*Asks:* 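Got a structure for you, written out below as structure tokens; questions coming shortly.
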Number of protein chains: 2
Amino acid sequence: MLTENLKIKDIAKALQVAPSTVCRALQGRHNISEATRKKIEDYAAKHHYRPNLFAQSLQKKKTRYIGVMLSSIPNMFFSQVIDGIEAVTNENNYFSIITQTNESYEQEVKKIENLEWRSIDGLLVSLSSETEDLTHFKRLQEAGIPIVFFDRITDAIKTHTVSVDNKGGAYNCTKQLIEEKGCSRIAHITSPQLLSITKERLDGYLTALNESNLFISDAYTKYCAHGGKKSEEIAIAFNELMTLPKPPDAIFTGSDRITMECLNLAQIWKEKTGKSITIAGFSNFEMPEILNNNIITVKQPAFEMGKLATELLFELIDKKDKSPQKYFDKIVLPTTLNSNHLNR
Amino acid sequence: MLTENLKIKDIAKALQVAPSTVCRALQGRHNISEATRKKIEDYAAKHHYRPNLFAQSLQKKKTRYIGVMLSSIPNMFFSQVIDGIEAVTNENNYFSIITQTNESYEQEVKKIENLEWRSIDGLLVSLSSETEDLTHFKRLQEAGIPIVFFDRITDAIKTHTVSVDNKGGAYNCTKQLIEEKGCSRIAHITSPQLLSITKERLDGYLTALNESNLFISDAYTKYCAHGGKKSEEIAIAFNELMTLPKPPDAIFTGSDRITMECLNLAQIWKEKTGKSITIAGFSNFEMPEILNNNIITVKQPAFEMGKLATELLFELIDKKDKSPQKYFDKIVLPTTLNSNHLNR
DNA sequence: TTGAAAGCGCTACCAC
DNA sequence: GTGGTAGCGCTTTCAA
């Protein structure tokens, strides 16, 4: 574009052939003689020919851009996912356009519209915590844009999904609290109720409690409407729990932000009242060992998740024109449990 | 694109005017009667007309995309910067394409080429730690693509830059180690020597030591060639320091990763030898309070930095065709010092 | 196997 | 003020 780029016409003129011939050669078609193909390819390579993407897109309605939609970039988990996505897009000469929903349904809808306008070739989505209505995604899919859901997924749309074993991770973490830390009154502060991940983690948590015949109470589960984006809501949940007639001796936390914030709150609580409370939960912070409280964390394979989701998306993009996809993968990756106890 | 979009021709036909008239109206030009302009605008709004960006780009060589180049997305500081960039691009109906250099000069050059091919309208850059030769950026700039440097900046290219007061931040942090923590043998583990930020931080560190007449030794400053991306290099630096004849009693750390890793190493060191070492340094981790060791951190206004850099870039993009920019801003933002001591 | 030409949707120039 | 039209660079018929 910038540096007076070579155009197909230029090559045609230089080589005394028709533009259409050059085009065919460059597309690696077979209805062309070996000799002219080679001649054209060599010339193009030598002069660093790069097709004009706008002209190509205008014609083919393909952009080599994929959209990525997630709640928040400065979040350890998501930024690691993006890293994985970048690795694959880059390899395939695609670029990704990353947008944040900030956990807002309204923003999600608006940004889908923008991405549609930009004519992305496919979309990777982790749902906002407010999203119930999925028509904006359905519209996109019907318009021929393949979608792959990751992390916060949905059954309501037929496509590939990549998630982690949230139930298992929650179960293991809770179990560890019970067996290693000797906790018996375990509360749960988690993300908004609508999210798939919230339900699965709650399930694992309750299963572990049940198995050990431990105290279960609805008052022990707190949902944060903003998914922990606002620290006040976590503080409120924490204080409500601690001022219950029977306060918990541990809190199992359902997300990165909630885990960090609760660690902080627990420390302040201890300084104020002298009573300590154990925190354990989901977090993709790289080095849980340097956090105090001897914390147990459930870590998700975020990079892997981004990588896999993108690979599946490319599969859908490639197959699109050929045969309609019949079967969809529901990939579930394992989580890992980290604790000082286990690591040292 | 997808949903059988309205085209200018369609509007023209429906309203019985020429395509060129529609075009003028939609561009808000003045050589058109108020009546027809209104008529066309109303029709377009009612039918949700959105121009085809490829056609537009093909014509105007403008894409409404900007490129963003930084070393690593899953890094607290950079992901917060991206958040700030997103806020501004989004507001201006632009999109950003984010690419990682992974601290590699080679990748930086290659990705600049790709971005150039995509015809971005402007570029935001934080240099890779290997970069010495800047011709790839100069070429881009000469081709008419405005660039703004942030964080890891350079003097060798005339343009706007946004950075933080690295020297001041380093000075304050070191001073705090001396005065509040009573440390007297302070070492420094930092990023690669080439980076602007490394030099400035070293300067602040040395100034503080000098002022207090404290021990200074070249052996006390360790550079991590990979900017801390590899944890081994940090471990090596740490161990070399601790096994010196006169080991330090504190380490001032020059980046997010290095700070976290050193905290971890210090903890292990303490468990192994019983000797404790104080860590303090640059980190954009949100809640330093929950880290142990009573850590002092220097925090950078990352979001603000992304926001400002993007605003400056848009200024350059807008002005480009009009008058050549003569004076460039060198914005330096302040850092903040966080410590348990100060906050409570 | 190759070439000529139309057209993707938009903009800008030149006539009226 | 408004309309006709060429052309951005590429792809894709269709004809030779």
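Here is the naming used below: chain letters follow the sequence lines, and residue numbers restart at 1 for every chain. As a basis for the values below, the full set of heavy atoms in this structure was taken, side chains included, without hydrogen atoms, waters or symmetry mates. Note that the structure is predicted; figures quoted are calculated from it, not measured.
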*Asks:* Using a strict 4.0 Å threshold on nitrogen-to-oxygen distance, state whether B:Glu41 and B:Arg37 make a salt bridge.
*Replies:*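 Yes, B:Glu41 and B:Arg37 are salt-bridged.
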
*Asks:* Scan for salt bridge (Lys or Arg N to Asp or Glu O under 4.0 Å) pairs involving residues 88-98 of chain A, sequence neighbours excluded, and state none if there are none.
*Replies:*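 Every pair satisfying salt bridge (Lys or Arg N to Asp or Glu O under 4.0 Å) with a residue in residues 88-98 of chain A: there are none.
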
*Asks:* Does A:Lys7 have a side-chain nitrogen or oxygen under 4.0 Å from the phosphate oxygens OP1 or OP2 of D:dG9?
*Replies:*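 Yes, A:Lys7 has a side-chain N/O under 4.0 Å of OP1/OP2 on D:dG9.
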
*Asks:* Using distance only, find each side-chain donor-acceptor pair of residues 150-159 of chain A under 3.5 Å and give its atom names and separation, not counting sequence neighbours.
*Replies:*
from: A:Asp151; atom 1: OD2; to: A:Ser126; atom 2: OG; distance (Å): 3.2
from: A:Arg152; atom 1: NH1; to: A:Glu103; atom 2: OE1; distance (Å): 3.0
from: A:Arg152; atom 1: NH1; to: A:Glu103; atom 2: OE2; distance (Å): 3.4
from: A:Arg152; atom 1: NH1; to: A:Leu127; atom 2: O; distance (Å): 2.8
from: A:Arg152; atom 1: NH2; to: A:Glu103; atom 2: OE2; distance (Å): 2.9
from: A:Thr154; atom 1: OG1; to: A:Ala156; atom 2: N; distance (Å): 3.0
from: A:Lys158; atom 1: NZ; to: A:Asp155; atom 2: O; distance (Å): 3.1
from: A:Thr159; atom 1: OG1; to: A:Ile147; atom 2: O; distance (Å): 2.4

*Asks:* Measure from the side-chain N and O atoms of B:Thr63 to the backbone N and O of B:Ser119, and report whether any donor-acceptor pair falls under 3.5 Å.
*Replies:*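 Here the side-chain-to-backbone pair exists.
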
*Asks:* Where along residues 38-51 of chain B does a heavy atom come under 4.0 Å from DNA chain C, residue by residue in number order?
*Replies:*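 Per residue number, the list reads B:Tyr49, B:Pro51.
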
*Asks:* Are any of A:Ser57's side-chain N or O atoms less than 4.0 Å away from OP1 or OP2 of D:dC10?
*Replies:*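 A:Ser57 to D:dC10 OP1/OP2: no side-chain N or O under 4.0 Å.
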
*Asks:* Under 3.5 Å between N/O atoms: give me all the protein pairs with nucleotides 12-16 of chain D, atom names plus distance.
*Replies:*
from: D:dT12; atom 1: OP2; to: A:Arg29; atom 2: NH2; distance (Å): 3.1

*Asks:* By ring pair (Phe, Tyr, Trp, His ring centres under 6.0 Å), which residues pair with A:Phe137, not counting sequence neighbours?
*Replies:*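 Result, ring pair (Phe, Tyr, Trp, His ring centres under 6.0 Å) vs A:Phe137: A:Phe149.
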
*Asks:* Once side chain to side chain donor-acceptor pair (under 3.5 Å) is applied, do any residues pair with B:Glu304, and if so which ones, sequence neighbours excluded?
*Replies:*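 Once residues adjacent in sequence are excluded, B:Glu304 has no partner under the side chain to side chain donor-acceptor pair (under 3.5 Å) criterion.
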
*Asks:* Tell me whether the count of non-hydrogen atoms from other residues, nucleotides or ligands lying under 6.0 Å of NZ in B:Lys138 goes above 12.
*Replies:*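 Enclosed.
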
*Asks:* Would you mind reading off the distance between B:Lys62 atom NZ and C:dG9 atom C1', rounded to a whole angstrom?
*Replies:*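 Taking atom C1' of C:dG9 as the reference, NZ of B:Lys62 is at 20 Å.
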
*Asks:* Give A:Leu58 one of three labels, base, sugar-phosphate or nothing, depending on what nucleic acid heavy atoms sit under 4.0 Å from its own.
*Replies:*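 The residue A:Leu58 makes base contact.
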
